[in-house]
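Inspection log for the structure reproduced underneath, given as structure tokens.
Atoms within a ligand are numbered from 1 in the order they appear, just like the ligands themselves.
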Amino acid sequence: MKLSIVGSGYVGLVTGTCFAEVGHEVICIDNNKEKVKQLQAGKIPIYEPGLEDLIKSNVAAGRLRFTDSIKEGVENSEVVFIAVPTPPQPDGSVDLTYIEQVAREIAAVLPAYRIIVDKSTVPVKTGEKVADTIARYSKSGAEFDVVSNPEFLREGCAVDDLMHPDRVVVGVASERPVATMKKIYEPFKAPIYITDINSAELIKHAANSFLALKISYINHVAAICEASGANVDEVADGMGADKRIGRAFLNAGLGYGGSCFPKDIKAFIHISQELGVPFTLLKEVEEINADQLDRFLKKIRSALWVLKDKTVGVLGLAFKGDTDDVRSSVAISLCQKLQAEGAKIRVYDPQGMEKAKGDLPGAIFCQSGEEVFEGAEAVVVATEWKQFRSLPWKELKSKMMTPFVFDGRNLLDSEAIRGFGYRYVGVGRPQKEIKQ
Ligand code: UDX
Ligand code: UDX
């Protein structure tokens with residue numbers, strides 16, 4: 001099928017590439033001319049495992065191309081996806097300016113019947129507004145259908161999530177676009193849920209909020225473990241073994257960050273408020289998440305006492321492992337809070353350094369994880385990059401002033417780390433004396 005996608009960011013670019021990979025002809029559109037030039041030149045603006053190879057092979061096969069022209073995309077495709085940002089406003093509501101603008105731009109060039117599919121995360125009832133907007137601004141008066149098709153990919157494993165989705169949600173207002181949408185997704189061999197548009201839009205906010213709730217739930221259980229001497233890893237395993245609960249998203253840590261959860265939970269709180277059914281449970285989810293970092297900082301303070309002029313090494317800047325994305329990263333907030341208390345920070349992230357530089361003036365950006373340990377009074381694991389596990393921890397201890405390890409992601413084997421003579425502090429894991 002001939003498809004186009006407006007917005008070639010994390011969502012649009014990966015989606016477009018995977019559509020091409022299964023055989024569709026895809027045009028990725030972006031209004032950032034510089035980004036389009038880079039993509040045309042074979043430079044990939046984001047780090048996402050497996051993406052670069054897929055883009056190259058699909059461009060070479062003639063199934064994937066890039067343009068800054070919405071007109072070119074709309075004219076040459078049967079279905080137009082929208083994947084532009086929907087950022088939060090100060091009151092938590094969603095800024096729909098980009099969606100509205102793209103809807104108007106599509107309307108202005110609509111040559112004949114097209115299916116316009118919203119992939120961006122939007123408040124319930126946005127589809128109705130998009131349809132109104134296109135009808136109002138359409139020059140040709142051509143027929144069209146608006147569809148809601150939320151995306152559930154996770155950064156860091158986006159290609160795999162897209163190629164092997166648990167389910168595909170397609171919200172429609174009539175039967176007409178259903179067969180085409182099924183045809184697009186047929187190669188992915190996933191169950192397709194056909195719903196009305198409002199339900200599809202709600203599924204995305206309800207799913208993300210539920211996942212965030214799981215994280216805050218386990219993080220508070222971790223606090224109870226710390227207060228009682230229990231071990232959150234064992235509690236999560238024991239809970240998660242119940243199929244009704246599931247082990248996924250029960251990893252205690254510094255809390256959730258990223259470009260989705262924080263904004264989507266805020267948005268869902270705002271939407272529910274506007275609809276007269278305030279979702280106060282989600283406010284608690286947010287509060288627990290915010291407290292999580294403060295509780296962790298308290299542990300660092302209680303070990304190092306005064307932070308001013310202390311050197312703290314930080315492993316990880318991205319909001320999670322396997323990505324270069326530092327948007328709303330808890331690791332960055334942690335660094336900023338340490339700096340605000342006068343600590344000198346040495347930081348390293350396998351992919352996120354470039355994007356973090358603007359957020360951390362004064363930080364020392366190291367070339368490797370090993371360098372972070374140099375003269376440090378503590379090392380903090382702030383992002384769950386698996387490769388931090390295989391640093392030569394045994395040898396690195398001698399580079400530090402005082403061997404404190406604060407594992408904000410429960411990434412390390414606490415017993416092994418203690419065995420090397422470190423003082424190890426995790427999240428919801430029992431405190432023990434070091435082994436001599
Ligand atoms: C996406 C979704 O679209 C958003 O709704 C969801 O909640 C989070 O993920 P994402 O792909 O992460 O956004 O955003 P980003 O990486 O910033 O990419 C968006 C792209 O759209 C950028 O390349 C930007 O240049 C482009 N854009 C923006 C347009 O092409 N037109 C516009 O009008 C605005
Ligand atoms: C999320 C949703 O998972 C995805 O379905 C949606 O499309 C976009 O939002 P993403 O933000 O890319 O994906 O990453 P995710 O793996 O969900 O992690 C989000 C945050 O939660 C990260 O900061 C991560 O560190 C944290 N997290 C995740 C935990 O603290 N514990 C966990 O058990 C899982």
Would one find an N or O of [X], backbone or side chain, under 3.5 Å from an N or O of ligand 2?
| X | answer |
| --- | --- |
| Arg154 | no |
| Gly258 | no |
| Phe261 | no |
| Gly257 | yes |

How far is [atom] from its nearest protein heavy atom, and which residue and atom name does that atom have?
| atom | result |
| --- | --- |
| atom 33 (O) of ligand 2 | Asn251 N, 2.9 Å |
| atom 11 (O) of ligand 2 | Phe319 CE1, 3.4 Å |
| atom 5 (O) of ligand 2 | Phe152 O, 2.7 Å |
| atom 6 (C) of ligand 2 | Leu153 O, 3.3 Å |
| atom 18 (O) of ligand 2 | Lys320 CD, 4.0 Å |
| atom 12 (O) of ligand 2 | Glu155 N, 2.7 Å |
| atom 27 (N) of ligand 2 | Ile215 CD1, 3.4 Å |
| atom 22 (C) of ligand 1 | Asp30 OD2, 3.3 Å |
| atom 34 (C) of ligand 1 | Tyr98 CD2, 3.6 Å |
| atom 21 (O) of ligand 1 | Gly7 CA, 3.3 Å |
| atom 17 (O) of ligand 1 | Arg327 NH1, 3.6 Å |

Do [X] and [Y] have side chains that get closer than 4.5 Å, going by heavy atoms?
| X | Y | value |
| --- | --- | --- |
| His24 | Arg63 | no |
| Tyr256 | Ile265 | yes |
| Gln38 | Asn32 | no |

- Item | Neighbour count >12 (heavy atoms, 6.0 Å) for atom CZ, Phe365 | yes
Report yes if [X] has an N/O atom closer than 3.5 Å to an N/O atom of ligand 1; otherwise report no.
| X | value |
| --- | --- |
| Asn31 | yes |
| Thr86 | yes |
| Cys260 | no |
| Val84 | yes |
| Lys35 | yes |

Show me which atoms of ligand 1 lie under 4.0 Å from any heavy atom of [X].
| X | answer |
| --- | --- |
| Ser120 | 3 (O), 5 (O) |
| Val11 | 1 (C), 9 (O), 11 (O) |
| Asn32 | 25 (O) |
| Gln101 | 33 (O) |
| Pro85 | 17 (O), 19 (C), 21 (O), 28 (C) |
| Lys263 | 6 (C), 7 (O) |

- Message: Only heavy atoms of Glu384, strictly under 4.0 Å: list the atoms of ligand 2 that pass.
- Response: 24 (C), 25 (O)
- Message: With heavy-atom distances below 4.0 Å as the criterion, list the atoms of ligand 2 near Arg409.
- Response: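 Those qualifying, in numeric order: 25 (O), 30 (O).
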- Item | Arg247, portion touching ligand 2 at heavy-atom distance under 4.0 Å | neither
- Query: Looking only at heavy atoms, is any part of Leu250 under 4.0 Å from ligand 2, and if so is it the side chain, the backbone, or both, or is it neither?
  - Reply: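 The part of Leu250 near ligand 2 is the backbone, not the side chain.
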- How many angstroms lie between CZ in Arg295 and CD1 in Ile300, if you round to the nearest 0.5 Å? 12.5 Å
- Note on the structure: In this structure, CD of Gln387 is separated from CG of Leu411 (nearest 0.5 Å) by 10.0 Å
Under 4.0 Å from ligand 1, counting heavy atoms only, is it the side chain of [X], its backbone, both or neither?
| X | answer |
| --- | --- |
| Lys119 | neither |
| Lys33 | neither |
| Glu151 | neither |

- Task: Show your working on side-chain contact (heavy atoms from CB on, under 4.5 Å) between Asn251 and Glu384 and close with a plain yes or no.
- Result: CA-CA 10 Å; Asn251 295 324; Glu384 59 272 45; over 6 Å; no
Electrostatic pair [X]:[Y] at N-O distance under 4.0 angstrom:
| X | Y | result |
| --- | --- | --- |
| Glu287 | Lys283 | no |
| Glu155 | Arg327 | yes |
| Lys357 | Glu354 | yes |
| Asp325 | Lys355 | no |
| Lys125 | Glu274 | no |
| Glu341 | Lys337 | no |

- Query: Strictly under 6.0 Å, is that where the ring centroids of Tyr185 and Phe19 end up?
  - Reply: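 Tyr185 vs Phe19: aromatic centres under 6.0 Å.
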- His205 and Phe268 aromatic ring geometry - parallel, tilted or perpendicular at 30°/60° bounds: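 It falls in the parallel class, under 30°.
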- Item | Distance under 6.0 Å and angle within 45° of ring axis: Arg104 vs Tyr137 |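 Yes, Arg104 lies over the aromatic ring of Tyr137.
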- Could you go step by step and tell me if Glu186 and Lys183 meet the salt bridge (charged side-chain N to carboxylate O under 4.0 Å, His left out) rule? CA-CA 5 Å; Glu186 196 180 42; Lys183 205 166 149 195; over 6 Å; no
- Among side-chain atoms of Gln89 and Asp95, is any donor-acceptor pair under 3.5 angstrom? no
- Message: Between ligand 2 and Lys204, can you find any atom pair, the residue atom being a heavy atom, that is separated by under 4.0 Å?
- Response: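 It does; at least one heavy atom falls under 4.0 Å.
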- Task: Quick one: which residue pairs count as a salt bridge (charged side-chain N to carboxylate O under 4.0 Å, His left out) with a foot in residues 250-268, not counting sequence neighbours?
- Result: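 Those involving residues 250-268 are Lys266-Glu286.
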